[in-house]
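One structure is given here, and the rest of the page talks about it.
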Protein chains: 2
Amino acid sequence: MKTTVTLEDVARLAGVSPKTVSRVINGEAHVRPATREAVNRAVNELDYRPNLAARSLAASRSLLIGLLGMRLDANFFRAMYFSGVRACRARGYHLMAEEVPEITASSLAELEASLRQARCDGLILTQLSDQAPVLGMLERLQVPYVRLLPGTDPGRSDAVTNIQGEGVQLLAEHLWQLGHRRVLVSSLLGSGQRDMRAALLASGFRAADLTEVKQDWRGQTPAEMGRLLGEQLLTMNPRPTAVCAYNDEIAAALISHAWAHGLSIPADLTVVGYDDAEISRVMWPPITTVHQPFDQMMSEAVNLLLTPNSGDTPRTVICPLTLKVRESSAPPPAEA
Amino acid sequence: MKTTVTLEDVARLAGVSPKTVSRVINGEAHVRPATREAVNRAVNELDYRPNLAARSLAASRSLLIGLLGMRLDANFFRAMYFSGVRACRARGYHLMAEEVPEITASSLAELEASLRQARCDGLILTQLSDQAPVLGMLERLQVPYVRLLPGTDPGRSDAVTNIQGEGVQLLAEHLWQLGHRRVLVSSLLGSGQRDMRAALLASGFRAADLTEVKQDWRGQTPAEMGRLLGEQLLTMNPRPTAVCAYNDEIAAALISHAWAHGLSIPADLTVVGYDDAEISRVMWPPITTVHQPFDQMMSEAVNLLLTPNSGDTPRTVICPLTLKVRESSAPPPAEA
DNA sequence: ACGCCGTTTGACAGCGCTGTCAAACGGCGT
DNA sequence: ACGCCGTTTGACAGCGCTGTCAAACGGCGT
């Protein structure tokens, strides 16, 4: 990068002081329209770009937002990250992904060091929204933060969330309307966010017709969990006509396993997932799933971070989930 | 963030000048061991973190590296990005993802604006390594760049690459050794990088036994491409015993399709992919594929960027590919 | 004991912006 | 014509570092 046009160059060309140019660049009030226009002309003529480093040093803002998660390589997280990048760019901010692999003292210390170094203007929490030690640390450091999909302590901070249980309810109603009555439900230990079983019950299913398989996230890949689910399914009699997988990866693995054992999807078995991950569109059949509006959620989160809260209670923005009906769900086989 | 410890605080505590602290922080030479140690003690005691903005302003380096690609949401790109983040963090740099969706004048102008704003110290190109207009612009802006997997013009810049044809050769040999002789090959129009067919021929296959299906990336999802490949396969007689999919997504879609049509994988049909994407481990069966060492490649790329070239010819680092043999490949059925 | 020269250290300015505060402007009422 | 007061503008310092350059140091040979 050779040519460096500075504020001062613009000011000279426009015949005003650097401070005035700064005002125009930052869209501050108290600039006469004529002045503003003259500055803008000069900016365009010189093709001026403000120096981010100088800006953040002078304003003691970093123009940086951090996105905190437990597993950077989770599909879920990556999708959020790239949605967030777009949301930030639209507001002149940058987004930094930060990994907190576990809630231990050393891991927290590392996070603290990193935060103090980067001096993020705000943080967006995902997967960590319910970790009190993390929240406590952020409050101590006085970093503003927004939680995504918090499960507990709703009034503790600004948050972006869905209507509690909306996603699972959409799935439950879909299955009910298709005519399914016996369902296998996959759930994850320690993750209380999605109570599929409750949603099914609320939609009319009888407890006796629901089988819930709780699996543990740690130490098992989605592929393994899907396979185990498939094995369980094959031993059951009468066999459920539908499976609610905890997420799309598990659904995909289950579908492969089912094919491999002679079950045809969706003719013999309906499988639904959650997240609308890429894999749900790659599989045959494509997977019926619940779509989270990541772009919208991240955009709202950035908004909350950059808009000071004028009231004194934390704000909550609710983003609607949508059901993506694809070919992995159909009415149950004739006389199951 | 309240507490702000500055260089000066450290200097005062250590009893030296700020400049000396700066030298220690940056690992410069010409500091007496005793002094260095005293400074380090002070740094630890105050838990000092340098202010990135001040640093880049003063040094006129941004401590930022850009990763340029055409599709931020491609699996390939995301994997590279997160490998790159780690490689950069290890060197005190940050990585910024930048999207260049198409090679048009307006898209290039936007990129140029963004680059001049962020003032990246260097760029890593992926998917764009062979786009002369992009390279020309970067050279005009004098931004150092490293190309990943360049296909053309190898001497134009530093590059990180594989041995030409290594990946497809690994796959070809694997199939040959398993005993396959008739193979269906999926290739992508306009993407000359992987000549699977040539590799198969070089490994002993006869041209007459190879069928190549060229598909077009634009307008088709991997799922559709895989499905079309599957349809093609079912019409063939004699049927190939193995399919080389262009990538793992296509392989996954093909596998689902094959199951849906009564083919058992790998008993009836071997399917291999490319990239070692997550999906290759989620599917049943897991997909035999070629693994790109993204962590290593990004680490080398960052290295090239941050290590000045002492010679006068561009450098090339070659990273070895490895074959991941999984359950989607097996010997062909008995008398196919 | 002295001078020489490589090594170590520090003084100072400046990177390009923004915050603060005061000065200049300008429209209004009288 | 004058004073008042809200609006617009600019002077100046400073954000926290690093680059430059010169001064201080210190070990060596004589």
Side-chain angles (χ1 to χ4, degrees), chain A residues 1-40 42-43 46-64 92-94 116-121, chain B residues 1-40 42-43 46-64 92-94 116-121:
Chain A
M1 311 271 168
K2 259 303 151 51
T3 54
T4 306
V5 180
T6 70
L7 249 197
E8 205 161 349
D9 300 325
V10 178
R12 208 174 305 124
L13 180 62
V16 298
S17 76
K19 178 65 218 192
T20 298
V21 177
S22 165
R23 286 200 179 89
V24 174
I25 298 289
N26 290 291
E28 286 172 32
H30 302 309
V31 180
R32 217 172 330 180
T35 315
R36 186 180 298 277
E37 207 180 310
V39 170
N40 280 329
V43 165
L46 298 176
D47 200 15
Y48 167 70
R49 310 282 157 188
N51 180 319
L52 279 183
R55 213 151 139 154
S56 44
L57 179 58
S60 49
R61 298 176 307 162
S62 64
L63 298 171
L64 215 55
Y93 273 69
H94 287 264
R116 294 188 42 206
Q117 163 126 32
R119 293 175 166 72
C120 290
D121 294 333
Chain B
M1 310 271 167
K2 259 305 149 53
T3 55
T4 304
V5 180
T6 70
L7 251 197
E8 206 161 348
D9 299 325
V10 178
R12 206 174 305 123
L13 181 61
V16 298
S17 76
K19 178 66 216 192
T20 298
V21 178
S22 165
R23 286 198 179 90
V24 173
I25 298 287
N26 290 288
E28 287 173 31
H30 304 307
V31 180
R32 218 170 332 178
T35 315
R36 186 179 300 277
E37 208 179 311
V39 170
N40 280 328
V43 165
L46 297 177
D47 200 14
Y48 167 70
R49 310 284 157 188
N51 179 320
L52 279 184
R55 212 150 138 154
S56 43
L57 179 59
S60 49
R61 297 176 307 161
S62 64
L63 298 170
L64 214 56
Y93 274 70
H94 287 264
R116 292 188 42 204
Q117 164 126 30
R119 293 177 167 73
C120 290
D121 294 333

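Here is the naming used below: chain letters follow the sequence lines, and residue numbers restart at 1 for every chain. Note: hydrogens, waters and symmetry copies are ignored here, and every other heavy atom, side chains too, is used. If you're wondering where the values come from, they're calculated on a predicted model, not measured in any experiment.
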Original post:
Okay, side chain of S22(A), backbone of P18(A): is any donor-acceptor separation there less than 3.5 Å?
Top reply: no
Subject >> OP1 or OP2 of dA11(D) under 4.0 Å from side-chain N/O of S17(A) >> reply: no
**OP:** Please figure out whether P33(A) or V21(B) has its closest DNA chain D nucleotide nearer the 5' end.
**Re:** P33(A)
Subject >> Complement of dT30(D), any strand, by Watson-Crick or G-U distances under 3.5 angstrom >> reply: dA1(C)
Original post:
Given dG16(C), is OP1 or OP2 found less than 4.0 Å from the side-chain N or O atoms of T6(A)?
Top reply: no
Original post:
Between dG10(C) atom P and E28(B) atom CD, what is the distance in whole Å?
Top reply: 14 Å
Original post:
Quick one: is dT18(D) close enough that its OP1 or OP2 comes under 4.0 Å of any side-chain N or O from S22(B)?
Top reply: yes
Original post:
Would you say T20(B) reaches dG10(C)'s phosphate, i.e. side-chain N/O to OP1/OP2 under 4.0 Å?
Top reply: yes
**OP:** Would you check, one step at a time, whether the test side-chain contact (heavy atoms from CB on, under 4.5 Å) holds for H30(A) with T20(A)?
**Re:** CA-CA 10 Å; H30(A) 302 309; T20(A) 298; over 6 Å; no
Original post:
Are the side chain of N26(A) and the backbone of R23(A) linked by a donor-acceptor contact shorter than 3.5 Å?
Top reply: no
**OP:** List the steps, then state whether side-chain contact (heavy atoms from CB on, under 4.5 Å) holds for H94(B) with L63(B).
**Re:** CA-CA 6 Å; H94(B) 287 264; L63(B) 298 170; 5.7 Å; no
Original post:
Taking a pair as Watson-Crick or G-U wobble with both distances under 3.5 Å, which nucleotide is matched to dC12(D)?
Top reply: dG19(C)
Original post:
Using a cut-off of less than 4.0 Å, is there contact between a side-chain N or O of R32(B) and OP1 or OP2 of dT9(C)?
Top reply: yes
Original post:
Would you say N51(B) reaches dC15(D)'s phosphate, i.e. side-chain N/O to OP1/OP2 under 4.0 Å?
Top reply: no
**OP:** Just call it for P18(B): base, sugar-phosphate, or nothing, with non-hydrogen atoms closer than 4.0 Å on any strand.
**Re:** nothing
Subject >> Complement of dA24(D), any strand, by Watson-Crick or G-U distances under 3.5 angstrom >> reply: dT7(C)
Subject >> Full working for side-chain contact (heavy atoms from CB on, under 4.5 Å) between D121(B) and Y93(B) >> reply: CA-CA 10 Å; D121(B) 294 333; Y93(B) 274 70; 3.4 Å; yes
Subject >> Rounded distance in Å - CZ (R12(B)) to P (dT9(C)) >> reply: 20 Å
**OP:** Starting at atom CG of L57(B), determine the distance to atom C1' of dT18(C), rounded to an integer number of angstrom.
**Re:** 12 Å
Original post:
What is the distance from CG of L46(B) to C1' of dG16(D), rounded to the nearest Å?
Top reply: 15 Å
**OP:** Take the protein atom CG of L7(A) and the nucleotide atom C1' of dG14(C), then report the distance between them rounded to whole Å.
**Re:** 16 Å
Subject >> Per A58(B) side chain, nearest of listed nucleotides dT18(C), dT9(D), dC15(C) >> reply: dC15(C)
Original post:
When you match A54(B) and H30(B) each to their closest nucleotide on DNA chain C, which lands nearer the 5' end?
Top reply: H30(B)
**OP:** Rounded off to whole Å, could you give me the CZ-to-P distance for the R61(A) and dC17(C) pair?
**Re:** 13 Å
Original post:
Within this structure, what is the CD-to-P distance between E8(B) and dA11(C), rounded to whole angstrom?
Top reply: 11 Å
Original post:
Across the strands shown, which category fits T35(A) at heavy-atom distances under 4.0 angstrom: base, sugar-phosphate, nothing?
Top reply: sugar-phosphate
**OP:** Would you please test V21(B) and V16(B) for side-chain contact (heavy atoms from CB on, under 4.5 Å) and show each step?
**Re:** CA-CA 7 Å; V21(B) 178; V16(B) 298; 3.8 Å; yes
Subject >> Nearest listed nucleotide, side chain of Y48(A), among dT18(D), dC17(C), dT9(C) >> reply: dC17(C)
**OP:** Grab the CG-P distance between D9(A) and dC15(C) for me, whole Å please.
**Re:** 11 Å
Original post:
Is the base of dG10(C) touched by the side chain of R23(B) through a donor-acceptor pair closer than 3.5 angstrom?
Top reply: yes
